[in-house]
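A short worksheet on the structure shown next.
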Amino acid sequence: MLSALPIDRFQFAFTVTFHYIFPQITMGLALLILILKTQALRTGEEIYNRSARFWIRIFGITFALGVVTGIPMEFQFGTNWAQFSREAGGVIGQTLAMEGVFAFFLESSFLGLLLFGEKRLGPRAHWGAALALFLGSWLSGYFIIATNAWMQHPVAYLIGPNGRFGLASFVGLLGNPWAWWEFAHNMTGAVVTGSFVMASVGAFYLLSNREHEFGRLFVRTGVIVGLIAAVLMVFPTGDSESKMVATNQPATFAAMEGLFHSQKGAPIAILGQPDMVKRRLDNPLTIPRVLSFLTYRRWGAEVKGLSSIPENLWPDQVPLVYYCYHIMVGLGTIFVAVLVICGFLLWRGRLFHSRAALWALMLALPFPFIANTAGWITAEAGRQPWLIYSLMRTNQGFSSQVSSGNALFTFVGFMGLYALLSLLFVFLTWREIGRGPGMV
Amino acid sequence: MATVWFCLVSLMLAIYVVLDGFDLGAGIIHLFVGKTLEERRAVIGSIGPVWDGNEVWLLATGGTLYLAFPELYATGFSGFYLPLIIVLWLFVLRGTSIEFRNAVESPVWIPFWDVLFGFSSLLLALFFGAALGNIMRGVPLDASHRFFEPLWTNFRVGAVTGILDWYTILVGLAAVAALALHGALWVALKTEGDLEQRAARVARPLWGLVVLFTALITVATFALQPQLAINLRRYPWGYAFPALAIFGLAFIMIFLRRSRMKAFLASCAYLLGMLSSATFGLYPFVLPSRTDPAFALTIENSQAPAYGLHVALVWWIVGMILAAGYFTHTYRRFAGKVRPGEGYGH
């Protein structure tokens, strides 16, 4: 392998995928902890405080891993994607620096207070620390999403005499409409993850016949918050995002849907494997005209297929984009279904006695992570061949002076180190869950 | 505008070194001053609530560097590829050892993380010093402002240098000594009993080492980096920076017996003085060239376009005021000695 480009891509993909396991938990839990603390303040019942304490401990472990795996992300912009940084730093340097200055300081200061300051702070100030942590982690999410949104849909920039991008409007960069929908969709996704984590631990306690009170509270909170988030994730956020992709990134959209040929009244593909040579879906299972309707709200509207777009503008991994998108949408639909059923049982007062529903909630744990990851792969692999959509190709952005041998050295190192971190994370959270909220 | 940002990034970096410096230093001396597991827990307890906040300064500095000097960020980070990634790994190991050390009460678990914590802190200080050395010495830039350095070549300061040569190793060792001293003064300030006494005792020989290394790197740097003498001649007020370092160093010894707090603050002054001398001596270069001086990166040719720098100044000031608020709050809550049983951890 002469060029380091594929290794740079694999390394970034690997490290960011691993990293994002943690922030989706913490961003989701931050909201849930705030809800628990609010309940504690309103009702004065100790169970909410004890539950919050338990989840803050899980949050603490997860946050630590999120931080240590997050630093390599910021560094890699410079180490492996130097040409991209050189040209785009004038724009995205803004959002990345703002994350450090506004969000990280806030989070790191208030997490300490939340973890160790409950006695000294008193209930109101401790609630305030939970609020600050929630704001910090969601703000951090926004700055990263705004950075990504600029790469997906560049706005508010100018091109300087040396060909470098510069910022043209600060408000324009932060107000990028792409960023707001992406943020809303991503954050509802994180809340779904957090809610399933909470509900799943609660279901585990109820099925193991221990921690009954906490188990019920966790299941109830997880199901209610999760249901709201899962519905918002599909509509309006998911719907609006896919419409934006259809309008601005037609090749990406066609790859996501597996639509090879432009069609009026286009069908939506539920199943089928893209055959890139014959340019069709094998054994397709489709629903006629639905894609046209979902995209343009007209049953007969024309949707652009891949063949109407020059091949050098296609994502370089069409099947990957197709599968990831389908996994995301499929799982999202299943989440809504599971949560609607659980919500109904909860309303009828039967959820805590329905072993089947509790088993389903407990076993659902890995799937929101898969859905969130698949969604991100759809966005990132879907943006290819562009690093900055329509402005800079991915093969122009990497660090040309870092050889493939050196890049592989660090990639292998990251894999080894992260294998260790996964073991540590599973071990420590498992222990916390085993100890249970009754102990704290 | 570029000069303003040069000063702001230098300031953030200096704050980072002073703050994270003491927790790195506490890590370096951790195994030597903490004789029992309890004492080692107290060393970690003394940095527990603040170390990750301190590390955030590095992230914020990196982000601000990216914002203000994207060309430097790109060229520097890709050229220093290997040491930077190794530094990342060390950060991961160090962060996990602090966070997870106290998670399991076991005679197998705790010593493992203690050794890892000490080892990674030591190597981080060494690499940070070597990084500063690389910047002071200059790197082999080509006409398109690119370079790549292997970890080492023949350890000589020649045209094809590696990250490590005799000069950068020297600066690395100086950093280890200076941060170990800084950490020892912090531990003495924050702990009690035998541990406090031992930390204060170890500060003495460390101080001697720091004096020695300071003299050595000063001579070597003047020999290798002509810009230092040029700037001092052009702006004589710049002598204030090395003077700050010298006074700081002297006052550490003077206060060592009398006031833990003042000795620690003197060490902060020393570090600030050394770093500001270094950045003052480089100006207007941000990455000097060992090949043709025309290939060097300066604040002018590596800065971001003007509009972005102007807007950023506004929000940067707001953000820094907020951050200063959180930090004052955190450190005030955490004032005084760490008592046993008030330990940090799970």
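Proteins come first, then strands; the chains are lettered A, B, ... in the order of their sequence lines, and each starts at number 1. These numbers were taken from a predicted model, which means no experiment stands behind them.
Surrounding CZ of A:Phe10 are at most 12 heavy atoms belonging to other residues, nucleotides or ligands under 6.0 Å away. The neighbour count for B:Trp152 CH2, taken as heavy atoms of other residues, nucleotides or ligands under 6.0 Å away, does not exceed 12.
A side-chain contact (heavy atoms from CB on, under 4.5 Å) with B:Val92 is found for one member of A:Leu421, A:Val67, A:Leu65 and no other, namely A:Leu421.
Here the CZ atom belonging to A:Phe425 is positioned 8.5 Å from the CZ atom belonging to B:Phe100, to the nearest 0.5 angstrom.
Only the side chain of B:Leu82 has a heavy atom closer than 4.5 Å to any heavy atom of chain A. Of the two parts of B:Thr75, the backbone and the side chain both hold a non-hydrogen atom closer than 4.5 Å to a non-hydrogen atom of chain A. Residue B:His329 touches chain A through its side chain alone, counting heavy-atom pairs closer than 4.5 Å. With a 4.5 Å cut-off on non-hydrogen atoms, A:Leu424 touches chain B through its side chain but not through its backbone. For a residue to count as touching a neighbouring chain, one of its non-hydrogen atoms must lie under 4.5 Å from one of that chain's; by this rule B:Leu72 does not touch chain A. In this structure, the portions of A:Phe409 lying under 4.5 Å from any heavy atom of chain B include both its backbone and its side chain. Interface remark: A:Ala132 contributes no atoms to any contact with chain B (heavy atom separation under 4.5 Å). There is no contact between B:Phe80 and chain A, counting heavy-atom distances below 4.5 Å. Only the side chain of A:Leu428 comes within contact range of chain B, judged by heavy atoms closer than 4.5 Å. Only the side chain of A:Ser400 comes within less than 4.5 Å of a heavy atom of chain B; its backbone N, CA, C and O stay farther away.
For B:Leu309 against A:Gln94, the heavy-atom pair with the smallest separation is N-NE2, 4.4 Å. What you find for B:Gly319 and A:Val101 is that their closest heavy atoms are CA-CG1, 3.5 Å. Annotation for A:Gly90 and B:Pro70: closest pair N-CG, 4.0 Å, computed over non-hydrogen atoms.
Side-chain N or O atoms of A:Arg431 include one that pairs as donor or acceptor with a backbone N or O of B:Ala103 at under 3.5 Å. Panel note: side chain A:Gln401, backbone B:Ser78; no donor-acceptor pair is recorded below 3.5 Å.
When ring centroids are compared, B:Tyr73 and A:Phe77 stay outside the 6.0 Å threshold.
Contact tally against chain A (heavy-atom pairs below 4.5 Å) for B:Tyr326, B:Tyr81, B:Phe69: the top residue is B:Tyr81. Considering only heavy-atom pairs separated by less than 4.5 Å from chain B, the leading option among A:Gly89, A:Ser403, A:Ser85 is A:Ser85. Residue with the most contacts toward chain B among A:Leu113, A:Val68, A:Asn406: A:Asn406 (heavy-atom pairs, distance under 4.5 Å). Across B:Ala304, B:Ala74, B:Gly63, the residue that shares the most heavy-atom pairs under 4.5 angstrom with chain A is B:Ala74. Among B:Val50, B:Leu58, B:Leu88, the residue making the largest number of heavy-atom pairs under 4.5 Å with chain A is B:Leu88. Your options are A:Thr79, A:Leu167, A:Val402, and the one with the most heavy-atom pairs under 4.5 Å with chain B is A:Thr79. The greatest number of non-hydrogen atom pairs below 4.5 Å with chain B, out of A:Thr69, A:Leu96, A:Asn80, is found for A:Asn80. Heavy-atom pairs under 4.5 Å with chain B peak, among A:Gly100, A:Gly78, A:Ser108, at A:Gly78. The candidate from A:Gly112, A:Gly160, A:Ala82, A:Gly166 with the greatest count of non-hydrogen atom pairs under 4.5 Å with chain B is A:Ala82.
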Side chain to side chain contact (heavy atoms under 4.5 Å, CB included) for B:Glu71 and A:Arg164? Distances and angles first, verdict last. CA-CA 10 Å; B:Glu71 182 89 33; A:Arg164 309 275 153 88; 2.5 Å; yes
Under the side chain to side chain contact (heavy atoms under 4.5 Å, CB included) rule, what do B:Tyr307 and A:Leu158 come out as? Steps first, then yes or no, please. CA-CA 10 Å; B:Tyr307 168 76; A:Leu158 44 82; 5.9 Å; no
Worked verdict on B:Ile85 versus A:Phe75 for side chain to side chain contact (heavy atoms under 4.5 Å, CB included): CA-CA 8 Å; B:Ile85 302 278; A:Phe75 273 45; 5.9 Å; no
Check against side chain to side chain contact (heavy atoms under 4.5 Å, CB included), B:Glu99 and A:Ile61: CA-CA 8 Å; B:Glu99 284 298 314; A:Ile61 298 169; over 6 Å; no
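Below 30°, between 30° and 60°, or above 60°: for A:Phe414 and B:Trp89 the angle between ring planes is above 60°, a perpendicular geometry. Below 30°, between 30° and 60°, or above 60°: for A:Phe105 and B:Phe327 the angle between ring planes is above 60°, a perpendicular geometry. Using cut-offs of 30° and 60° on the angle between ring planes, the pair A:Phe170 and B:Trp315 is parallel.
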